[in-house]
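FYI, the numbering just counts along the sequence from 1. Worth saying up front: this structure is predicted, and the values here are computed from it rather than measured.
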Amino acid sequence: MNKLTIFSDGACSGNPGPGGWAARLLYDDGRINELGGHAADTTNNRMELQAAIEGLKAAGAGMAITMVTDSEYLRKGITEWIHSWKRRGWRTAAKKPVLNQDLWRELDTLNSPDIEWRYTKGHSGDPDNERCDEIAQAFSRGDTPPLHRA
């Protein structure tokens with residue numbers, strides 16, 4: 001099985017406010033594919049989720065994926081909390097509707113045992129995480145940064 005590492009990040013100028021997301025796909029053959037996008041009125045958490053969704057969509061099938069995020073909300077949500085949310089009919093322990101449920105449901109359909117979810121501390125010098133942050137920040141400002149596509 002081919003291996004792929006995906007770094008993802010989201011950004012928001014204000015929360016809520018204009019946002020951006022980024023995913024950086026690193027293939028085991030050395031190829032790099034960067035993705036990003038903008039949302040006019042959103043939250044940082046929604047952009048974190050969108051980045052992971054778009055990265056996984058771009059990955060395609062038949063890949064062993066390591067998904068790296070600097071969002072504990074994203075990592076814990078998809079690996080831990082989602083099981084309870086689904087059991088409770090997409091409600092929190094406080095019986096309130098899960099926020100960003102539309103994106104969580106979409107991410108859940110893309111998730112699989114072939115995906116290893118990892119956390120990296122943001123703004124700590126990881127070059128791939130820093131690059132995703134740079135892309136997401138640019139999109140949140142309404143800029144279109146140059147993206148590496150191989």
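The main-chain N or O of Arg24 is never found under 3.5 Å from a side-chain atom of Glu34 such that the two would form a donor-acceptor pair. Formation of a donor-acceptor pair under 3.5 Å by the Thr109 side chain with backbone atoms of Glu106 is found in this model. Side-chain atoms of His38 do not come within 3.5 Å of backbone N or O of Pro18 as any donor-acceptor pair. The backbone N or O of Lys3 sits less than 3.5 Å from a side-chain atom of Asp28, completing a donor-acceptor pair.
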Donor-acceptor pairs under 3.5 angstrom involving side-chain atoms of residues 137-144: please list them, not counting sequence neighbours.
| from | atom 1 | to | atom 2 | distance (Å) |
| --- | --- | --- | --- | --- |
| Ser140 | OG | Ser13 | OG | 3.2 |
| Ser140 | OG | Gln137 | O | 2.7 |
| Arg141 | NE | Asp143 | OD2 | 3.4 |

Show me, pair by pair, the donor-acceptor contacts under 3.5 angstrom made by side chains of residues 44-52, not counting sequence neighbours?
| from | atom 1 | to | atom 2 | distance (Å) |
| --- | --- | --- | --- | --- |
| Arg46 | NH1 | Asn100 | OD1 | 3.2 |
| Arg46 | NH1 | Asp102 | OD1 | 3.0 |
| Arg46 | NH2 | Asp102 | OD2 | 2.9 |
| Glu48 | OE1 | Gly10 | N | 3.4 |
| Gln50 | NE2 | Glu54 | OE2 | 2.7 |

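With a 4.5 Å cut-off on side-chain heavy atoms, Arg87 and Ser84 count as touching. The shortest side-chain heavy-atom distance between Trp117 and Asn111 falls under the 4.5 Å cut-off. The shortest side-chain heavy-atom distance between Ile65 and Leu56 falls under the 4.5 Å cut-off. The shortest distance between side-chain heavy atoms of Ile53 and Ser8 does not fall below 4.5 Å. With contacts defined as side-chain heavy-atom distances shorter than 4.5 Å, the pair Thr69/Phe7 does not qualify.
In plain terms, the two heavy atoms of Leu110 and Lys57 that are nearest each other are CD1-CG, 4.0 Å. Across all non-hydrogen atoms, the minimal contact from Leu35 to Leu25 is CD1-CD1, 4.0 Å. Looking at every heavy atom in both residues, Gly55 comes nearest to Ile6 through O-CD1, 3.5 Å. Here the closest heavy-atom approach between residue Gly36 and residue Leu147 is recorded as N-CD1, 4.0 Å. Taking both residues in full, the closest heavy atoms of Gly122 and Asn129 are given as CA-OD1, 3.6 Å, listed atom of the first, atom of the second, then distance. Closest approach of Lys86 to Asp108, counting heavy atoms only: NZ-OD2, 2.9 Å.
One hydrophobic cluster holds both Trp81 and Trp90 under the rule that ILVMFWY side chains link at heavy-atom gaps under 4.5 Å. In this structure, Trp21 is not a member of the same hydrophobic cluster as Leu26, with clusters built from ILVMFWY side-chain heavy atoms closer than 4.5 Å. Linking Ile, Leu, Val, Met, Phe, Trp and Tyr whenever their side-chain heavy atoms come within less than 4.5 Å leaves Val68 and Tyr27 in two separate clusters.
Below 30°, between 30° and 60°, or above 60°: for Trp104 and Tyr73 the angle between ring planes is above 60°, a perpendicular geometry.
The OG1 atom of Thr120 sits 7.5 Å away from the CG atom of Asp70 when rounded to the nearest 0.5 Å. Put simply, NZ on Lys95 and CZ on Arg91 are 10.0 Å apart, with the number rounded to the nearest 0.5 Å. Note that the CG atom of Leu103 and the CZ atom of Arg105 stand 12.0 Å from one another [nearest 0.5 Å]. Taking CG from Leu107 and CD1 from Ile78, the interatomic distance works out to 4.0 Å, rounded to the nearest 0.5 Å. Distance check, rounded to the nearest 0.5 Å: CG of Leu4 to CG of Asn33 gives 9.5 Å.
Not counting sequence neighbours, the partners of Tyr119 by the side chain to side chain contact (heavy atoms under 4.5 Å, CB included) test are Glu72, Arg75, Lys121.
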Evaluate Thr66 against Arg118 for side chain to side chain contact (heavy atoms under 4.5 Å, CB included), listing each step before the verdict. CA-CA 7 Å; Thr66 301; Arg118 286 193 189 162; 3.8 Å; yes
